[in-house]
Peer 1: 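Provided herewith is a single structure, encoded as structure tokens, for subsequent inquiry.
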Amino acid sequence: QVQLVESGGGLVQPGGSLRLSCAASGFELRYYTISWFRQAPGKEREGVSCISTSDGSTYYTDSVKRRFTISRDNAKNTVYLQMNSLKPEDTAVYYCARVHTIGFQCRVAAPDASDYDYWGQGTQVTVAS
């Protein structure tokens with residue numbers, strides 16, 4: 001049974017850091033591209049970052065470039081999102097998702113939810129003083 005479980009969210013002050021984890025089970029993470037999405041209250045879900053399976057290439061939406069870093073540890077079947085210099089506008093529920101097809105690589109654009117078939121339950125990130 002395919003499962004994705006996010007953890008690491010919480011309350012942090014502006015300028016602080018958090019590291020989100022996405023633990024995968026029921027499949028071999030190394031064969032699948034994984035993305036992080038977020039959804040703030042009253043806003044549409046947004047693709048934040050993506051990491052490909054083949055060469056580990058990555059994508060970041062403009063608002064998080066140079067602040068967020070996505071990585072994967074295939075041995076631990078886990079993907080991470082290191083978030084630094086957090087801003088109040090980063091407040092959202094963060095979700096990881098698995099692409100629907102083995103070998104599908106990150107788009108040269110924001111992740112598109114329609115490309116993903118399994119989702120975690122989400123972890124809340126709140127940036128506030």
Peer 1: Nearest 0.5 Å please: distance from the CD atom of E46 over to the CH2 atom of W36.
Peer 2: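 These two atoms lie 14.5 Å from each other.
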Peer 1: Working to the nearest 0.5 angstrom, can you tell me the gap between L4 CG and Q121 CD?
Peer 2: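 Reported to 0.5 Å precision, the distance equals 9.0 Å.
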Peer 1: What residues, two or more places apart in sequence or in another chain, satisfy side-chain contact (heavy atoms from CB on, under 4.5 Å) together with A40?
Peer 2: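 Per chain and number, A40 pairs via side-chain contact (heavy atoms from CB on, under 4.5 Å) with K43, A92.
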Peer 1: If we only count heavy atoms from C-beta on, is the C96 to V79 side-chain gap below 4.5 Å?
Peer 2: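 The answer is no; the side chains never approach within 4.5 Å.
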Peer 1: If you count the non-hydrogen atoms of other residues, nucleotides and ligands that lie under 6.0 Å from CD in E89, is the total more than 12?
Peer 2: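 More than 12 heavy atoms, drawn from other residues, nucleotides or ligands, come within 6.0 Å of this atom.
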Peer 1: According to the ring pair (Phe, Tyr, Trp, His ring centres under 6.0 Å) rule, which pairs have a member within residues 77-115, sequence neighbours left out?
Peer 2: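 Ring pair (Phe, Tyr, Trp, His ring centres under 6.0 Å) check on residues 77-115 returns H100-F104.
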Peer 1: Show every donor-acceptor pair shorter than 3.5 Å between a side-chain atom in residues 10-26 and any protein atom, with sequence neighbours excluded, or say none if there are none.
Peer 2:
residue, atom, partner, partner atom, Å
S17, OG, N84, OD1, 2.9

Peer 1: For G47 versus A110, what's the shortest heavy-atom pair and its separation?
Peer 2: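 The pair with the smallest heavy-atom distance is O-CB, 4.1 Å.
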Peer 1: For D117, check salt bridge (charged side-chain N to carboxylate O under 4.0 Å, His left out) against everything at least two apart and list the hits.
Peer 2: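 R98.
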Peer 1: State, to 0.1 Å, how close T123 and G9 come at their nearest heavy-atom pair, and which atoms those are.
Peer 2: OG1-N, 3.2 Å
Peer 1: Counting N and O atoms only, with roles assigned by atom type, does the side chain of T91 sit under 3.5 Å from a partner on the main chain of V127, one being a donor and the other an acceptor?
Peer 2: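 Yes, T91 side chain to V127 backbone: donor-acceptor pair under 3.5 Å.
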Peer 1: List for me each residue that meets salt bridge (charged side-chain N to carboxylate O under 4.0 Å, His left out) alongside D90, sequence neighbours excluded, and say none if there are none.
Peer 2: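 For D90, the residues satisfying salt bridge (charged side-chain N to carboxylate O under 4.0 Å, His left out) (neighbours in sequence not counted) are R38, R67.
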Peer 1: List the residues meeting salt bridge (charged side-chain N to carboxylate O under 4.0 Å, His left out) with R107, not counting sequence neighbours, and say none if there are none.
Peer 2: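 In terms of salt bridge (charged side-chain N to carboxylate O under 4.0 Å, His left out), with neighbours along the sequence ignored, R107 is linked to D115.
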Peer 1: List in chain and number order the residues that pass salt bridge (charged side-chain N to carboxylate O under 4.0 Å, His left out) with R30, two or more places apart in sequence or in another chain; answer none if no residue qualifies.
Peer 2: E28
Peer 1: According to disulfide (SG to SG under 2.5 Å), does anything in residues 100-129 pair up with another residue at least two apart or in another chain? List the pairs.
Peer 2: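 Pairs touching residues 100-129 that pass the test: C50-C106.
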Peer 1: Please list all pairs passing the ring pair (Phe, Tyr, Trp, His ring centres under 6.0 Å) test where one or both residues lie in residues 110-129, with sequence neighbours left out.
Peer 2: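 Listed once each, the pairs are F37-Y116, F37-W119.
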Peer 1: May I have all residue pairs that pass salt bridge (Lys or Arg N to Asp or Glu O under 4.0 Å) and include part of residues 2-13, sequence neighbours excluded?
Peer 2: none
Peer 1: Taking side-chain contact (heavy atoms from CB on, under 4.5 Å) as the test, write out the residues that go with T53, two or more places apart.
Peer 2: T33, R72, Q105
Peer 1: Which heavy atom in K76 sits nearest to a heavy atom in T78, and how many Å separate them?
Peer 2: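 That would be O-OG1, 2.8 Å.
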Peer 1: Might you point out which heavy atoms bring I70 and I34 nearest each other, and give the distance in Å?
Peer 2: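 What the structure gives for the nearest pair is CD1-O, 4.1 Å.
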Peer 1: Residues two or more places apart in sequence or in another chain: which of them pass ring pair (Phe, Tyr, Trp, His ring centres under 6.0 Å) with Y31?
Peer 2: none
